[in-house]
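Per chain, numbering begins at 1; letters A, B, ... match sequence-line order.
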Protein chains: 2
Amino acid sequence: MFDDANSNAVRVDFIENTGFVTQSEGLPRIAGRIFGMLIFDGDVVSFGDLATKLLVSRASISTSIRILEERGLVKRVTKHGERQDFFQLAPNPYATMLEGIQKRNRSIQTDIAGTIKNLPADAEAVGRLTAHANFYASRNAAIAVALSELDTSQNKLAGQQPNAPKDHLDAK
Amino acid sequence: MFDDANSNAVRVDFIENTGFVTQSEGLPRIAGRIFGMLIFDGDVVSFGDLATKLLVSRASISTSIRILEERGLVKRVTKHGERQDFFQLAPNPYATMLEGIQKRNRSIQTDIAGTIKNLPADAEAVGRLTAHANFYASRNAAIAVALSELDTSQNKLAGQQPNAPKDHLDAK
DNA sequence: CGTTTTGTTTAGTCATAACTGAACAAACTT
DNA sequence: AAGTTTGTTCAGTTATGACTAAACAAAACG
C-alpha cells in the first residue's frame with residue numbers, strides 16, 4: 001500500500017470521479033477530469049499533455065478548457081520559450097464557483113419577482129410564489145456564509161497551496 | 001392588465017420557467033412543470049388533470065411524479081369516493097430539497113476523504129484535496145444556515161400557505 | 001361477466017449534447 | 001518557402017435520457 005502504483009490508481013479514480021460530479025452539474029465530463037487533474041497534480045499542465053494524459057481528442061480539450069476558463073476556474077498561462085498553452089487552477093476556484101451559483105439564483109429570483117409583479121396583488125398564488133422566491137434568497141444568503149468560511153479555511157491552507165498562479169511562468 | 005387572460009399567461013410562463021430551472025438541475029422538464037403548477041395553483045390536482053393541463057402523456061406524468069415523490073417534494077393523496085390519485089406539494093418541499101443537496105455533498109465529501117486516506121500522508125496532493133473536501137463542507141454548513149432561515153420565513157408566511165397537506169382529503 | 005378507468009411498465013422514437021476527426025488558420029521552425 | 005506545431009472550428013457520430021404509444025395489471029363499474 002502507498003506505493004506509486006497505488007497512488008496512481010487513487011489519482012485516476014479521483015480524476016474520473018470528479019468527472020462524474022461535474023457531469024451531474026451539467027458540465028462535460030472531460031471538463032471535470034481536467035479540473036480534477038489540476039487539483040490532484042497541482043501543477044501547470046500543457047494543452048498537449050491534457051489530451052495525452054486524459055486520452056481524449058485535442059478538440060475536446062479545447063472546448064472543455066474554454067468552458068472552465070469562462071467560469072473562471074482555470075487560467076491559461078504561457079511558459080517562456082514554449083509554444084504550447086499551459087493551464088493551472090485559477091486563484092480561488094471555489095469562491096468563483098459559489099459566486100456563479102449566486103448569480104444563477106439571483107436570476108431565478110428575478111424571474112419569480114417578475115411573475116409576482118404581473119399578478120394582481122391579491123392573487124391567491126402570491127404567498128406561495130413569495131415563499132418560492134424566498135427559497136432562492138436564503139440559498140444565496142447561505143452561500144455568502146460559505147464564501148466567508150472559504151476565506152478562512154483558505155488562509156489556513158495557504159502554506160499548502162503550491163504554484164500560486166502567475167501571469168507568466170519562466171521555464172523550469 | 002391584471003385580467004384573467006393576463007394572469008393565465010403569467011401562470012403558464014411561470015410553469016414553463018420552473019420546468020427549465022429543474023431541467024438545468026438534472027430533472028425532467030415535466031417534473032418541474034408539475035412542481036410549478038402545484039406551487040402556482042396551490043391546489044390538489046388529479047393525475048388525469050396533470051396530463052391534460054400540461055399536454056403530456058400519462059406515462060410522463062407517472063415517471064415524473066415518481067421522481068418528485070422519491071425526492072419528497074410532492075405527496076400523493078386520495079379523495080374520498082374518487083378513483084384517481086391526487087397530488088399536492090409536500091409539507092416543506094424547500095427544506096427537503098436542501099436536505100437532498102446536503103446528502104449529496106456529504107457523499108462527495110466522503111469520496112474525497114477516501115482519496116486522501118488512500119494516499120501517503122505526506123503526499124503533495126493532500127493539501128489541495130483537503131481544500132477540495134473543505135469546499136463541500138462549507139457548502140453544507142451554509143445550507144444548514146439556509147434551513148434555519150427557511151424555518152423563520154415559513155413561519156412568517158404560515159397564514160398564506162393554503163391547503164396544508166392531509167393524508168386523506170374528503171370530497172369538496 | 002365484460003367493459004371502463006386508472007396508473008405503471010416497456011419498447012421505441014426523438015432531441016440534445018458530448019466527443020471525435022478533419023479541415024483550417026496562425027505562428028513558429030528550418 | 002515549405003513544413004511543423006498548435007489551438008479552434010465544423011461536420012458527423014454516438015450516447016444518453018426525455019417522452020410517447022402501446023401493452024399491461026388492477027380495480028371499479030355496469
Side-chain angles (χ1 to χ4, degrees), chain A residues 15-38 44-71 74-88 168-169 171, chain B residues 15-38 44-71 74-88 168-169 171:
Chain A
I15 289 174
E16 287 307 308
N17 225 18
T18 309
F20 287 131
V21 169
T22 68
Q23 182 172 47
S24 78
E25 281 164 2
L27 293 191
R29 189 186 298 182
I30 291 180
R33 289 200 276 225
I34 294 174
F35 191 63
M37 184 168 155
L38 290 175
V44 177
V45 182
S46 75
F47 190 100
D49 275 358
L50 285 175
T52 305
K53 294 188 182 171
L54 295 176
L55 298 170
V56 297
S57 70
R58 290 187 307 148
S60 293
I61 298 295
S62 180
T63 56
S64 275
I65 276 287
R66 188 182 62 234
I67 292 170
L68 291 170
E69 282 184 300
E70 280 168 3
R71 301 215 172 193
V74 161
K75 208 161 178 292
R76 186 182 304 238
V77 295
T78 54
K79 271 198 183 180
H80 193 67
E82 295 261 14
R83 288 169 58 187
Q84 276 189 87
D85 289 352
F86 288 74
F87 302 93
Q88 65 185 171
H168 184 284
L169 300 170
Chain B
I15 290 174
E16 288 306 308
N17 226 15
T18 308
F20 287 131
V21 169
T22 69
Q23 181 171 47
S24 77
E25 281 164 2
L27 294 190
R29 190 187 298 182
I30 291 180
R33 289 201 275 226
I34 294 174
F35 191 62
M37 185 169 154
L38 290 174
V44 178
V45 182
S46 75
F47 190 101
D49 274 359
L50 284 176
T52 306
K53 294 187 182 172
L54 295 177
L55 300 169
V56 297
S57 70
R58 289 186 310 147
S60 293
I61 298 295
S62 180
T63 55
S64 275
I65 276 287
R66 189 185 60 236
I67 292 170
L68 291 170
E69 282 183 300
E70 281 169 2
R71 301 215 172 193
V74 160
K75 207 160 179 291
R76 187 182 304 239
V77 296
T78 55
K79 271 198 184 180
H80 193 66
E82 296 261 14
R83 289 169 56 187
Q84 276 190 87
D85 291 352
F86 288 73
F87 302 92
Q88 64 187 174
H168 184 283
L169 299 171

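Remark: Ser62(B) engages no residue in a side chain to side chain donor-acceptor pair (under 3.5 Å) (not counting sequence neighbours). Checked against side chain to side chain donor-acceptor pair (under 3.5 Å), Glu25(A) has no partners two or more places apart in sequence or in another chain. Partners of Arg66(B) according to the side-chain contact (heavy atoms from CB on, under 4.5 Å) rule, which considers only residues two or more places apart in sequence or in another chain, are Thr63(B), Glu70(B). For Ser24(A), the side-chain contact (heavy atoms from CB on, under 4.5 Å) test picks out Arg104(B), with sequence neighbours left out. The side chain to side chain donor-acceptor pair (under 3.5 Å) test applied to Arg71(B) returns no partner, not counting sequence neighbours. Every residue two or more places apart in sequence or in another chain was checked for a salt bridge (Lys or Arg N to Asp or Glu O under 4.0 Å) with Arg58(B), and none qualifies. For Asp85(A), the salt bridge (Lys or Arg N to Asp or Glu O under 4.0 Å) partners at least two apart in sequence or on another chain are Arg76(A).
For the segment residues 23-37 of chain B, the set of residues with a heavy atom within less than 4.0 Å of an atom of DNA chain C is empty. DNA chain C is contacted by no residue of residues 61-70 of chain A, taking any non-hydrogen atom closer than 4.0 Å.
When each of dA21(D), dC19(D), dT20(C) is scored by its nearest atom to the side-chain atoms of Ser60(A), the top-ranked nucleotide is dT20(C). Closest contact between the side chain of Ser57(B) and the listed nucleotides dT20(D), dT8(C), dG7(D) involves dT20(D).
Proximity of a side-chain donor or acceptor of Thr22(A) to a complementary backbone N or O of Gly19(A) within less than 3.5 Å is detected.
Summarising the geometry, the separation between CG on Leu54(A) and P on dA18(C) is reported as 17 Å, rounded to the nearest angstrom. Phe20(A) has its CZ atom 15 Å from the P atom of dA15(D), to the nearest Å. Across the protein-nucleic acid pair, Gln84(B) atom CD and dT4(C) atom P stand 17 Å apart, rounded to whole Å. In this structure, CD of Glu82(A) is placed 15 Å from C1' of dT29(C), rounded to the nearest angstrom.
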Heavy-atom contacts, protein to nucleotides 23-30 of chain D, under 4.0 Å, summarised as B (base), S (sugar-phosphate only) or - (none) per nt, yield ----BSS-
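From one end of the helix from dC1(C)-dG30(D) to dT30(C)-dA1(D) to the other, with five pairs defining each end axis, the axis direction shifts by 20° (rounded to 10°).
Ion pairing of Glu69(B) with Lys75(B) is absent here, as no side-chain N (NZ or NE/NH1/NH2) approaches a carboxylate O to less than 4.0 Å.
Interatomic distance, OG of Ser57(A) versus CD1 of Ile30(A), reported as 6.5 Å (0.5 Å rounding). Here CD1 of Ile34(A) is found 8.0 Å from CZ of Phe87(A). Values are rounded to the nearest 0.5 Å.
The two residues Gln88(B) and Val44(B) have their closest heavy-atom pair at NE2-CG2, 3.3 Å.
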Using residues 47-55 of chain A as the side-chain source, report each donor-acceptor pair under 3.5 Å to any protein atom, sequence neighbours left out, with the distance given to one decimal.
residue: Thr52(A); atom: OG1; partner: Gly48(A); partner atom: O; Å: 2.9

